[in-house]
Novice: 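What follows is a structure written as structure tokens; I'll ask about it next.
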Amino acid sequence: MSQVIRVENIAQYVGQEVTVQGWVYNRTHKGKLVFLLVRDGYGFVQCVAFKNDLPAETFQTIVHIPQESSITITGVVRADERAPGIPGGYEIGITGFEVVQAAEEDYPIALKEHGVDFLLDNRHFWIRVPSQWAILRIRATIISAIREWLDDHGYINMDTPILTPSAGEDTTTLFETEYFDEGKVYLDQTGQLYNEANIFAFKKVYCFGPTFRAEKSKTRRHLTEFWMVEPEIAFCDLDQLMEIEEQFVSHIVRRVLERRQPELRALGRDVSALEKIVPPFPRISYDQALEMLAEIREQTTDPQQKQLLEIEWGSDFGAPHETALTQRFDKPVFVYGYPSAAKAFYMEPWPGRPEVCKSVDLLAPEGYGEIIGGSERISDPALLLRRLHEQNQPEEAYRWYIDLRRYGSVPHSGFGLGVERTVTWICGITHIRETIPYPRTIKRVYP
RNA sequence: UCCUCGGUAGCUCAAUUCGGCAGAGCGGUCGGCUGUUAACCGAUUGGUUGUAGGUUCAAGUCCUACCCGAGGAGCCA
């Protein structure tokens with residue numbers, strides 16, 4: 001056996017004999033010639049067998065090898081523009097072939113069109129196909145870029161609890177479970193409140209973990225279990241927060257462009273759209289956004305769309321509004337200064353305009369919409385207490401949270417970035433369920 | 001929770017206004033072909049039409065109830 005290579009590095013081995021450990025993704029044969037498309041976890045490479053170059057028995061084995069069989073192939077790498085694959089452009093002329101296991105012949109996923117229902121039921125196999133494999137490789141790169149940027153900029157990772165007491169929020173959107181003799185506890189929706197405690201010890205922190213929402217949302221933008229990274233920064237106001245967010249998001253996109261070109265190509269992603277993602281990002285106020293929406297509604301002829309785009313001052317944007325708005329930009333756009341009534345109680349009021357708060361959402365371009373929600377938090381204990389009462393929140397549950405403001409309070413801000421929505425946008429795909437290995441939606445917990 | 005659409009072979013779908021033998025392509029298998037890209041050619045394999053009940057000589061098709069899924073809204077990342 002020659003050196004076992006990773007297919008992603010195949011260009012380094014032209015002219016050499018190498019070994020690939022992997023699986024048969026596709027087989028097609030033409031008389032004395034067989035093409036195998038082999039995946040090794042790192043890429044897809046075409047391997048070619050000529051009858052005259054191999055022992056008769058080996059050739060017959062290759063001709064009949066079932067799809068998805070696990071194999072060890074030895075052969076010589078050559079560049080050939082005709083060769084498909086990821087990265088593609090290289091193929092292996094087979095000199096040795098060993099079967100680890102011949103797969104059963106009824107593998108359900110063909111190289112043909114399939115319906116969503118079928119593919120989701122077979123998610124454990126679906127992740128083997130190039131598009132899903134590419135998306136999940138990009139996801140992993142996005143996650144490592146997130147940690148890399150934060151770790152390099154003075155943020156420390158603080159894991160926040162997943163099992164949390166009620167905190168008095170509307171429990172219909174929380175998954176609950178029994179916790180010994182302590183009654184009900186809930187799966188976390190955010191680590192933010194704990195992170196607000198953490199910054200007073202560590203200054204800049206982030207938590208990164210799964211988040212659970214029991215909302216009965218049934219759209220292409222929702223999962224019941226998703227991953228969110230939540231940085232929180234002491235001595236930081238709303239303007240500084242936006243600067244951080246645009247640097248952060250730009251870094252993530254840049255890393256994907258640097259490290260995942262073959263995967264982006266496999267997905268047919270328009271890379272030029274991603275190359276535009278550099279700071280600064282446009283900033284518009286909620287009021288300006290409303291004016292833009294009014295303009296867009298004027299220009300719309302479709303009566304149904306016109307109705308969907310209706311919005312009154314005070315409401316948060318729905319998906320149609322975000323989509324319409326972001327189609328007008330080729331970079332992510334900040335929308336700041338939302339009505340306080342539409343946002344959480346802990347957001348700092350706008351100076352001189354208490355009906356508006358220092359919140360900011362980042363909406364991804366090309367119609368993708370919200371990927372980040374963030375704000376400057378209230379730093380004054382008396383004001384925080386008043387806002388709690390105004391929103392009828394139970395004071396006792398937030399005792400420790402209010403106390404944070406009594407001992408060295410500072411202006412501070414933070415945000416949450418939804419990993420799967422970011423992956424959806426960067427990959428240029430239409431549905432969030434493809435951005436996580438095993439999606440959990442309101443109708444699916446299998447496999 | 002509400003609105004819309006759908007469920008027929010392993011998969012993707014068809015089955016004519018008006019009820020009349022359950023079909024095709026793909027996949028799998030066998031054979032042919034030295035450059036395939038979702039190859040092509042020939043043969044072959046393949047069915048509890050989502051479930052239960054009803055109408056009828058006869059139901060994939062009509063009626064009733066239910067189950068399951070998808071898309072969208074609201075809510076959110």
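The structure presented is a predicted model; accordingly, all values stated were derived computationally and were not measured. The sequence lines fix the lettering, A, B, ..., with proteins before strands; numbering per chain opens at 1.
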Novice: Which base, if any, makes a Watson-Crick or G-U wobble pair with U4(B), both distances under 3.5 Å?
Specialist: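 Pair assignment: U4(B) / A70(B).
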Novice: Please tabulate, for side-chain N and O atoms in residues 93-103 of chain A, each donor-acceptor pair with protein atoms closer than 3.5 Å (sequence neighbours left out).
Specialist:
from	atom 1	to	atom 2	distance (Å)
T95(A)	OG1	E17(A)	OE2	3.2
T95(A)	OG1	T74(A)	O	3.2

Novice: Measure NE2/H321(A) against C1'/G74(B) and give the value in whole Å, please.
Specialist: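 Checked: the NE2 to C1' distance equals 12 Å.
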Novice: Are E322(A) and Y368(A) close enough that a side-chain donor and a side-chain acceptor fall under 3.5 Å?
Specialist: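 No.
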Novice: Considering residues at least two apart in sequence or located in another chain, which fulfil the side-chain contact (heavy atoms from CB on, under 4.5 Å) criterion with W133(A)?
Specialist: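 side-chain contact (heavy atoms from CB on, under 4.5 Å) list for W133(A), sorted by chain: F44(A), I86(A), R137(A), E263(A).
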Novice: What is the nucleic acid contact for D117(A), judged by heavy atoms within less than 4.0 Å: base, sugar-phosphate only, or nothing?
Specialist: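 Since only primed, P, OP1 and OP2 atoms lie under 4.0 Å of D117(A), the category is sugar-phosphate.
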Novice: What is the pairing partner of U55(B), taking Watson-Crick or G-U wobble pairs with both distances under 3.5 Å in any strand?
Specialist: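 Matched U55(B) with nothing under the 3.5 Å cut-off.
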Novice: To the nearest Å, how far apart are K218(A) NZ and U1(B) P?
Specialist: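 To the nearest whole Å, that distance equals 12 Å.
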Novice: Touch check for E420(A), heavy atoms < 4.0 angstrom, all strands: base, sugar-phosphate only, or nothing?
Specialist: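 If one applies the 4.0 Å heavy-atom cut-off, E420(A) turns out to touch nothing in the nucleic acid.
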Novice: Between I442(A) (CD1) and C75(B) (C1'), how many Å, whole number?
Specialist: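 Going from CD1 in I442(A) over to C1' in C75(B) covers 12 Å.
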Novice: Is any side-chain nitrogen or oxygen of H29(A) closer than 4.0 Å to OP1 or OP2 of G32(B)?
Specialist: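 For G32(B), OP1/OP2 do not have a side-chain N/O of H29(A) under 4.0 Å.
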Novice: For U17(B), which nucleotide is its Watson-Crick or G-U wobble mate, given both distances must be under 3.5 Å?
Specialist: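 Pairing partner: none.
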